[in-house]
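The structure under discussion appears below in the form of structure tokens.
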Amino acid sequence: MTQPSTPETPSLNFIQEIMAADRDANKWSGRVNTRFPPEPNGYLHIGHAKSICINFGLAREFGGVCNLRFDDTNPTKEDVEYVDSIMHDVRWLGFDWDDRLYYASDYFEQLYQWAVQLINKGKAYVCDLTGDEVREHRGTLTAPGKNSPFRDRSVAENLDLFARMKAGEFPDGSRTLRAKIDMAQPNLNMRDPVMYRILKAEHHRTGNKWCIYATYDWAHGQSDSIERITHSICTLEFENHRPLYDWYLDELDLFHPQQIEFARLNLTYTVMSKRRLLELVTGNHVRGWDDPRMPTLAGMRRRGYPPEAIRNFCTKIGVSKTDSMIEMSVLEGAVRDDLNKKAPRVLGVLRPLKVVIDNYPEGQVDELEAINNPEDESMGTRKLPFARELYIERDDFREDPPKGYYRLSPGKEVRLRYAYFVTCKSVVKDPKTGEVTELHCTYDPATRGGAAPDGRKVQGTIHWVSAGHAIDAEVRLYDYLFRIPDLAEVPPGEDYKSYINPESLVVLQGCKLEPGLAKAEPGSRFQFERQGYFCVDPVDSKPGTPVFNRTVSLKDSWAKIEKGQKKKGG
RNA sequence: UGGGGAAUGGUGUAACGGUAGCACAGCAGACUCUGGAUCUGCUUGUCUAGGUUCGAAUCCUAGUUCCCCAGCCA
């Protein structure tokens, strides 16, 4: 009588539904071929990661393949530096295009032949209008456009002119090849769109061979068709272009992939447009494309975000056609979730405060055992040196502790993690500034390892390092790049760059870390207990003196409590 | 006053005429040698107005709001 528990049927997103329906209808003979088509004019960012995960992920789920294709039709903006970085980033994210690496520029000759075909069909013409004139003729959103005076040139004349455009006889911008569609269409993209412009620019792959370059619309669908793409997945702003995508393919009578559009990723407290990211780089508002504050994959890699975490994030946020803004906490959560399981724990003091254990023998060094990862026993243990002089975190001591403060204060006993219970006996201050410079404590030898034989408890456990054994390191703390969550809220006329968070980077010198970290590999990730996840900066670290980037902080519930207290109590 | 899209808690995303679920955030608690992790519980939602139906987030009608489009960028 009792139904067996229903098997989990994972819900499909709308693209998966389309693909499942296509598969069931045998629409493409069961074949699935997607593509990721970046333009090599900038570095990949987390928004691209979403697209990569969708395209490569869908191919994997449906037993198909995904191509990598560079959409390199605008030589004035593109560069091999970007081509290389893009390939590196896609691989780093965990995807592989095998031998399916393509370039739109590989298809320039074929595209040219097809353009000639359209001219012969009377469906394309050479137009001598200037850019301004083309705009004037296009009409407006509400008013139809006017036909170009060159619209009815003979096929022979068009053929001749187009060949001479290709041959470089005319100056840049002087003529275009346009599709002959309908200047009265309510969709502006259909009002005789430009297929080719004259551009005597050196292309990173074809050199100076071409001086006419295909526009996006003319190149994209045909490139998809050449590669026998089944599902051409792109972002929402191309929805208006789909009729044109379909028109070209139909007029040419070519293999016709299906274009499907989804909402691009927006994240709070950052920007995602390549134009703005480029501006941040060239304007030196950040330290480059791989600045750990950047939403680029290069930046996230350097910051310590694991690729698995980014992939999980992309799965979590889903795919839909609703414009959305994902909260940064979702990404941070995915990063913490991944690192919690994998990152070895270490003790590191970021803002050191000297502690002298008065009753600990001078010169004596003890070796204490510490667990490398409580989430994963197989990661084992390590030894930590303990001595009379230590450093603890400045923030773990308050001379006048607020209510609910568990850490060290005068007369209070706390546990030093994996070591001993210590009690604060006196405070040394700078006579001039009043700043606390040193603490004197006593320890209870019976609590070695961190447990009291008499069963007494302490509220707080704090981290520490032995002053004589610790290594010095620079630690870079990162916060949101912008002060406001949604840059679309910047009032018109105001510069979004004035909203850059001045505390997005805080550099700490003289941090004290447990000695084992001296030999940490560049790029390796650790949890500094009670503080966060940190990654050895692969660029600025030197052997023996690593630089650490804070990947993400640990959740800090005390900070939250204290914030609440301040708000309430004033 | 054109065309194309989209509207489900604070933020995302499910539910495909039959109990509005999940994640993140928030709140409260348990546990803890990380104020971490983990575990409980809770608050908050179907854009509006009509209609169809035993029953509507879902179907119909009208409206509202938001996004995209007037590059020889992609």
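Lettering follows sequence order; numbering is per chain, from 1. Reckoned from all heavy atoms, side chains included, excluding hydrogens, waters and symmetry mates.
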According to a strict under-4.0 Å criterion, is S329(A) in side-chain N/O contact with OP1 or OP2 of A25(B)?
no

Compare side-chain N and O positions of R138(A) against OP1 and OP2 of C72(B) and report whether any pair is under 4.0 Å apart.
yes

Under 3.5 Å, side chain of R153(A) to main-chain N/O of N158(A), donor-acceptor pair present?
no

Using the [atom1] atoms only, state how far [M] lies from [N], rounded to an integer number of Å.
| N | M | atom1 | answer |
| --- | --- | --- | --- |
| A6(B) | U40(B) | P | 38 Å |
| A20(B) | A15(B) | C1' | 7 Å |
| C39(B) | A74(B) | P | 49 Å |
| C22(B) | C42(B) | P | 10 Å |
| G18(B) | A23(B) | P | 23 Å |
| A56(B) | U61(B) | C1' | 15 Å |
| U46(B) | G21(B) | C1' | 13 Å |
| U34(B) | G41(B) | C1' | 25 Å |

G71(B) glycosidic conformation (syn if within 90° of 0, otherwise anti) is syn

Look at all strands and tell whether [X] reaches a base, only sugar-phosphate, or nothing, counting heavy atoms closer than 4.0 Å.
| X | value |
| --- | --- |
| P374(A) | base |
| H463(A) | nothing |
| L368(A) | nothing |
| G173(A) | base |
| R345(A) | base |
| Y405(A) | base |
| A214(A) | sugar-phosphate |
| G532(A) | nothing |

Base A70(B) to side chain H137(A), donor-acceptor N/O within 3.5 Å cut-off:
no

At less than 3.5 Å, do the side-chain atoms of Q527(A) and the base atoms of U34(B) form a donor-acceptor pair?
yes

Salt-bridged, [X] to [Y], with N to O below 4.0 Å?
| X | Y | value |
| --- | --- | --- |
| K341(A) | D337(A) | yes |
| D106(A) | R69(A) | no |
| R456(A) | D444(A) | yes |

Nearest to the side chain of [X], which nucleotide is it out of [options]?
| X | options | result |
| --- | --- | --- |
| S557(A) | G2(B), G36(B), G5(B) | G36(B) |
| E237(A) | G36(B), C68(B), C72(B) | C68(B) |
| K77(A) | C73(B), C27(B), G36(B) | C73(B) |
| E327(A) | G10(B), G35(B), U8(B) | G10(B) |
| D323(A) | C67(B), C27(B), C69(B) | C67(B) |
| N13(A) | C72(B), A14(B), A70(B) | A14(B) |
| N240(A) | G26(B), A74(B), C69(B) | C69(B) |
| K555(A) | C72(B), G4(B), G36(B) | G36(B) |
| N187(A) | G3(B), A70(B), G5(B) | G3(B) |
| T142(A) | G12(B), U13(B), G2(B) | G2(B) |

Looking at A74(B) and Y216(A): do their rings stack (centroid distance under 5.5 Å, interplanar angle under 30°)?
no

In terms of heavy-atom contacts, does CZ of R351(A) have more than 12 from other residues, nucleotides or ligands at under 6.0 Å?
no

Identify, between V134(A) and I326(A), the residue whose nearest nucleotide on RNA chain B lies closer to the 5' end.
I326(A)

Between R336(A) (CZ) and A37(B) (P), how many Å, whole number?
7 Å

Flag this pair as yes if the NZ/CZ of R35(A) is under 6.0 angstrom from the six-membered ring centre of Y102(A) and inside a 45 degree cone about the axis; otherwise no.
no

Please report whether the ring centroid of F238(A) lies less than 6.0 Å from that of Y216(A).
yes

In this structure, which stretches of RNA chain B are paired as stems of three or more consecutive Watson-Crick or G-U pairs, both distances less than 3.5 Å?
B:2-7 with B:64-69, B:10-13 with B:21-24, B:26-30 with B:38-42, B:47-51 with B:59-63

Could you give all pairs that pass the salt bridge (Lys or Arg N to Asp or Glu O under 4.0 Å) test and reach residues 313-333 of chain A, with sequence neighbours left out?
E239(A)-K321(A), E261(A)-K321(A)

Would you mind reporting whether V330(A) and F313(A) have side-chain heavy atoms less than 4.5 Å apart?
yes

Let me have the donor-acceptor pairs involving side chains of residues 186-195 of chain A, under 3.5 Å, with sequence neighbours excluded, atom names and distances please.
from, atom 1, to, atom 2, distance (Å)
N187(A), OD1, N189(A), N, 2.9
N187(A), ND2, N240(A), O, 2.9
R191(A), NE, R138(A), O, 3.0
R191(A), NE, M183(A), O, 3.4
R191(A), NH1, Q185(A), O, 2.4
R191(A), NH2, R138(A), O, 3.0
R191(A), NH2, T140(A), O, 2.7
R191(A), NH2, A143(A), O, 2.8
D192(A), OD1, R151(A), NH2, 3.1
D192(A), OD1, I181(A), N, 2.7
D192(A), OD1, D182(A), N, 3.4
D192(A), OD2, Y125(A), OH, 2.6
D192(A), OD2, R151(A), NE, 2.7
D192(A), OD2, R151(A), NH2, 3.4

